[in-house]
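All heavy atoms count here, side chains included; hydrogens, waters and symmetry mates do not.
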Amino acid sequence: MDGDNKTFLSDFTLTGLFTHSKASGFLFSIICAIFFMTMIANGVMIFLIHIDPHLHTPMYFLLSHLSFIDMMYISTIVPKMLVDYLMGKRTISFISCTAQYFLYMGFVGAEFFLLGLMAYDRYVAICNPLRYPVLMNHRTCWMILASSWFGGALDSFLLTPITMSLPFCASHKIDHFFCEAPTMLRLACGDKATYEMVMYICCVIMLLIPFSVVISSYAQILITVHQMKSEEGKKKAFATCSSRIMVVTLFYGAALYTYMLPQSYHTPTKDKVFSAFYTILTPLLNPLIYSLRNTDVTGALKRVLARWRGLHCVTREEF
């Protein structure tokens, strides 16, 4: 019994992204910069949408919550990784690993659903603009948000107990930079059939279905854009759609590799690279592609800055 308890409750060792080579300091600086830029960009996005009445629309309502999710799930992974590098520490307790796993699966699961539903929002706006106020009303937006969070929470509550109750009788060395599901599975022994079945069902529901919605929605959007008579409007729409499709494909593609490709195709290096794409890089790309490149958002930023300058000038004159 004591041995079994040790199997379940022993600390794990994370190999991390950083090695002892000269390049590790440079990689640390890059990831640190990406993390702070992600927090700032998404924070600015949330602030602008909250404060500017021009952005109180369904699209920006959903974008503000996408930014919040991005901030939350990158914060479950990167800060510990950076602190561990500075302190020369690589261990993570069983409880911390479980908490990280639970939070990460919940946030990333919510984003899988939200991105699919946001693609539907754009489909309705471009392909059925006259029906948009009816189809994407206030109640629908809250239903989209609630269903996204429910899907993420369901994923966490299903997979976390199954994964972390497996006996980790192999090495407790996690060849990764966080407690990710496939990596944890490789450390476990015993009967994994239940876990693999639940994981497969969750991946079909959380990855393939939302990704199919994204692809079909943007396919219809591109067809509609292609039929536009204005060449300038067509080029602008194509540029916007292509950049969004690129980021979404990067996000879902990396996740599909991680969770649905057979283990025989996986290597620790590939797992780290693909996981870094959708856990570290896409939270930064999302506000840049979806929001900060948008003229509505840049206009809101200019109005906020102009208002701040005006208040600053008035304060100085009064002083």
Would you compute the distance between atom [atom1] of [X] and atom [atom2] of [Y] and round it to the nearest 0.5 angstrom?
| X | Y | atom1 | atom2 | result |
| --- | --- | --- | --- | --- |
| I174 | C97 | CD1 | SG | 4.5 Å |
| F107 | T76 | CZ | OG1 | 7.0 Å |
| D11 | R90 | CG | CZ | 15.0 Å |
| E111 | D70 | CD | CG | 4.0 Å |
| Y218 | L222 | OH | CG | 9.5 Å |
| L158 | C202 | CG | SG | 5.0 Å |

Check your understanding: Given the side-chain rings of Y60 and H54, with only the six-membered ring counted for Trp, is the space between their centroids under 6.0 Å?
Key ->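 Not close enough - the centres of the two rings lie 6.0 Å or further apart.
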
Nearest heavy-atom pair of [X] and [Y]: which atoms, and what distance?
| X | Y | value |
| --- | --- | --- |
| M105 | D155 | CE-OD2, 3.0 Å |
| P133 | P129 | CD-O, 3.7 Å |
| P287 | P283 | CD-O, 3.1 Å |

Shared hydrophobic cluster for [X] and [Y] (ILVMFWY, side-chain gaps under 4.5 Å):
| X | Y | answer |
| --- | --- | --- |
| V78 | L288 | yes |
| L86 | M81 | yes |
| M72 | I46 | yes |
| V273 | M246 | yes |
| F61 | L63 | yes |

**Study point:** Crowding at NE2, H50 (>12 non-hydrogen neighbours, <6.0 Å)
**Key:**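 Check fails, neighbour count at 12 or below.
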
Review point. Heavy-atom count around M143 CE within 6.0 Å, excluding the residue itself: above 12?
Key: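 No, CE of M143 has 12 or fewer neighbouring heavy atoms, counting only those of other groups under 6.0 Å.
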
For the backbone of [Y] and the side chain of [X], can you confirm whether one donor and one acceptor N or O come within less than 3.5 Å of each other?
| X | Y | value |
| --- | --- | --- |
| N286 | L66 | no |
| S156 | G106 | yes |
| S147 | I144 | yes |
| S217 | V214 | no |
| H65 | L145 | no |

Can you find a heavy atom in the side chain of [X] that is under 4.5 Å from one in the side chain of [Y]?
| X | Y | answer |
| --- | --- | --- |
| M164 | M184 | yes |
| M206 | F113 | yes |
| L14 | F177 | no |
| L185 | T163 | no |
| P58 | H138 | no |
| T282 | F277 | no |
| F68 | N42 | no |
| L208 | Y252 | no |

Review point. Who are the side-chain hydrogen bond (donor to acceptor under 3.5 Å, both in side chains) partners of T140, not counting sequence neighbours?
Key: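 Checked T140 against side-chain hydrogen bond (donor to acceptor under 3.5 Å, both in side chains); matches are N137.
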
**Study point:** Pairing residues for H176 by the side-chain hydrogen bond (donor to acceptor under 3.5 Å, both in side chains) criterion, not counting sequence neighbours
**Key:**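 Testing H176 for side-chain hydrogen bond (donor to acceptor under 3.5 Å, both in side chains), a comparison that skips the adjacent residues, returns E180, S275.
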
Practice item. Please report the C-alpha distance between F168 and F12 in whole Å, then the side-chain angles of each, then the deciding distance to 0.1 Å, and finally whether the ring-ring contact (aromatic ring centres under 6.0 Å, His included) criterion is met. Key: CA-CA 10 Å; F168 298 101; F12 296 100; 5.3 Å; yes

Exercise for review: Enumerate the residue pairs fulfilling salt bridge (charged side-chain N to carboxylate O under 4.0 Å, His left out) with a member in residues 270-283, sequence neighbours excluded, ordered by first and then second residue.
Suggested key: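 For residues 270-283, and leaving out neighbouring residues, the salt bridge (charged side-chain N to carboxylate O under 4.0 Å, His left out) pairs sorted by first residue read D175-K272, R186-D271.
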
**Study point:** I280 and L17: CA distance, side-chain angles, deciding distance, side chain to side chain contact (heavy atoms under 4.5 Å, CB included) verdict
**Key:** CA-CA 12 Å; I280 299 176; L17 281 176; 4.3 Å; yes

Using atom types as modelled, flag every donor-acceptor pair under 3.5 Å from a side chain in residues 114-128 to any protein atom, sequence neighbours excluded.
unit_1: D121; atom_1: OD1; unit_2: Y132; atom_2: OH; d: 2.7

Exercise for review: Could you walk me through whether F102 and F157 pass side chain to side chain contact (heavy atoms under 4.5 Å, CB included), step by step?
Suggested key: CA-CA 7 Å; F102 178 83; F157 281 105; 3.7 Å; yes

Review point. Is D52 paired with R303 through a side-chain N to carboxylate O contact shorter than 4.0 Å?
Key: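 Looking at R303 and D52, the cut-off is met.
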
Check your understanding: Do Y73 and T279 meet the criterion of a side-chain donor-acceptor pair at a distance under 3.5 Å?
Key ->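 Absent: no donor and acceptor within the cut-off.
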
Exercise for review: Look at the rings of Y278 and F251 and say which category their plane angle falls in: under 30° parallel, 30 to 60° tilted, over 60° perpendicular.
Suggested key: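 The rings of Y278 and F251 stand perpendicular, inter-plane angle above 60°.
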
Review point. Of all residues at least two apart in sequence or in a different chain, which pass the salt bridge (Lys or Arg N to Asp or Glu O under 4.0 Å) check with R131?
Key: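 With sequence neighbours excluded, R131 shows a salt bridge (Lys or Arg N to Asp or Glu O under 4.0 Å) to no residue whatsoever.
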
Listing, residues 26-41 side-chain donor-acceptor contacts under 3.5 Å, not counting sequence neighbours, or none:
unit_1: S29; atom_1: OG; unit_2: G25; atom_2: O; d: 3.0
unit_1: T38; atom_1: OG1; unit_2: I34; atom_2: O; d: 2.7

Practice item. Please lay out, stage by stage, how V297 and M45 fare under the test side chain to side chain contact (heavy atoms under 4.5 Å, CB included). Key: CA-CA 8 Å; V297 177; M45 195 64 239; 3.6 Å; yes

